[in-house]
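Here the structure is laid out as structure tokens; the discussion comes afterwards.
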Amino acid sequence: MKELDEMLIQSGIQLSTPPSSTAELLSLLEKVESELKSIGQDPLESTRNVLKPIKKALIERKLLRHSDKIIEVSVASCICEIMRISAPVLPYDNTEMEVVFHQIIASLEKLHYVDSNYYSKALRVLEAVAKYKLCVRLLDFDYVLAVNIFQLFLKIISLKHTNAVLRDMVDIMSQLIEERDEVSIDFQVSILDSLRKRTLATAPCSTLLGKEVLEKCHARLKPCLLQLMTDMNMNLDDYCNVLGSVRHTIARSLELS
């Protein structure tokens, strides 16, 4: 542990005056992320103290707003590890956390660019957000940003993405649905939009993602979607058969009314 603390101290010093070379800075961030991954939650006081310079450096404009996208995403990946270590306490104040969450979303947006040199870094952010349930904390902090992530995934999912990407997106979207006392109307509408026949024709991967989320959160979503479709007098023929029992229940209720 003492050796790790010494490495963290050195990393904090280096990050406070980061190298101008993108390659050197990227290598440094890789080293920092590796060190952070080796720290468990609720570390010793000595480790928390040596982490402070790293935490501070990662949200400095020269790193968080770096001109090179691969550095931006690498910084976001390191911050995800900081958030894991500090959970359930947020590692920064509210103003700083707003900037951090915006940066995480900006990194997730880069999942659209599968052939870019920063795509693998964006994957790390996605995996961390899913594994550590970071978006659950976003729900209480900034609901609008949580909705943005939910809708972002439905927009950018494509045939170029692997099953692992689909799985992580489903996990994150399901966490956002399951962790609230009531299912947000914004989430309901987004799922229904993804299941429209016109969406299937133009963005089939979005329909697949919506279908996977519906199946995973069926117990919570079915009553909500049933009520929403009934209240809005939606045309059942506009939606894919994947709605299954929801469509059947609505049709049956209309026959009995």
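Predicted, not measured: the structure shown is a model, and the values here were computed from it.
If you check the side chains of Ser74 and Tyr118, you find no donor sitting under 3.5 Å from an acceptor. Side-chain contact annotation: Ser116 with Lys110, donor-acceptor N/O pair under 3.5 Å absent. Looking at Glu98 and Asn94, their side chains never bring a donor and an acceptor atom within 3.5 Å of each other.
A salt bridge does not link Lys133 to Asp171: none of the charged nitrogens lies less than 4.0 Å from a carboxylate oxygen. Taking a cutoff of 4.0 Å between a charged side-chain nitrogen and a carboxylate oxygen, Glu127 and Arg124 do not qualify as a salt bridge. We find that Glu212 and Lys216 are not joined by a salt bridge, their nearest charged nitrogen and carboxylate oxygen being 4.0 Å or further apart. Between Lys160 and Asp115, at least one side-chain nitrogen of the basic residue sits less than 4.0 Å from a carboxylate oxygen of the acidic one, meeting the salt-bridge criterion. Under 4.0 Å is where a charged nitrogen must lie from a carboxylate oxygen, and between Glu72 and Lys69 no such pair does. Taking the charged nitrogens against the carboxylate oxygens, Asp193 and Arg196 do have a contact shorter than 4.0 Å, which makes a salt bridge.
Side-chain contact check for Val75 versus His66: every heavy-atom pair is 4.5 Å or farther apart. Contact of the Leu221 side chain with the Phe187 side chain is not registered, since no non-hydrogen atoms from C-beta on lie closer than 4.5 Å. Within the 4.5 Å cutoff, the side chain of Lys55 has heavy atoms near those of the Tyr92 side chain. Two residues are said to be in side-chain contact when any heavy atoms from C-beta on lie closer than 4.5 Å; Leu8 and Ile39 meet this criterion.
Judged purely by atom type and a 3.5 angstrom limit, Ser27 has no side-chain atom pairing as donor or acceptor with the backbone of Ala23. Not one N or O on the side chain of Ser77 forms a donor-acceptor pair closer than 3.5 Å with the backbone of Val73. No donor-acceptor pair under 3.5 Å is formed between the side chain of His161 and the backbone N or O of Val114.
Pairing each heavy atom of Val125 with each of Cys80, the nearest pair is CG1-SG, 4.1 Å. Shown here for Lys31 and Met7, the closest heavy-atom pair between the two residues is NZ-O, 3.9 Å.
Aromatic pair Tyr113/Tyr119: centroids not less than 6.0 angstrom apart.
Within a 6.0 Å radius of CD in Glu182, no more than 12 heavy atoms belonging to other residues, nucleotides or ligands are found. Atom CZ of Arg198 is surrounded by 12 or fewer heavy atoms from other residues, nucleotides or ligands within 6.0 Å.
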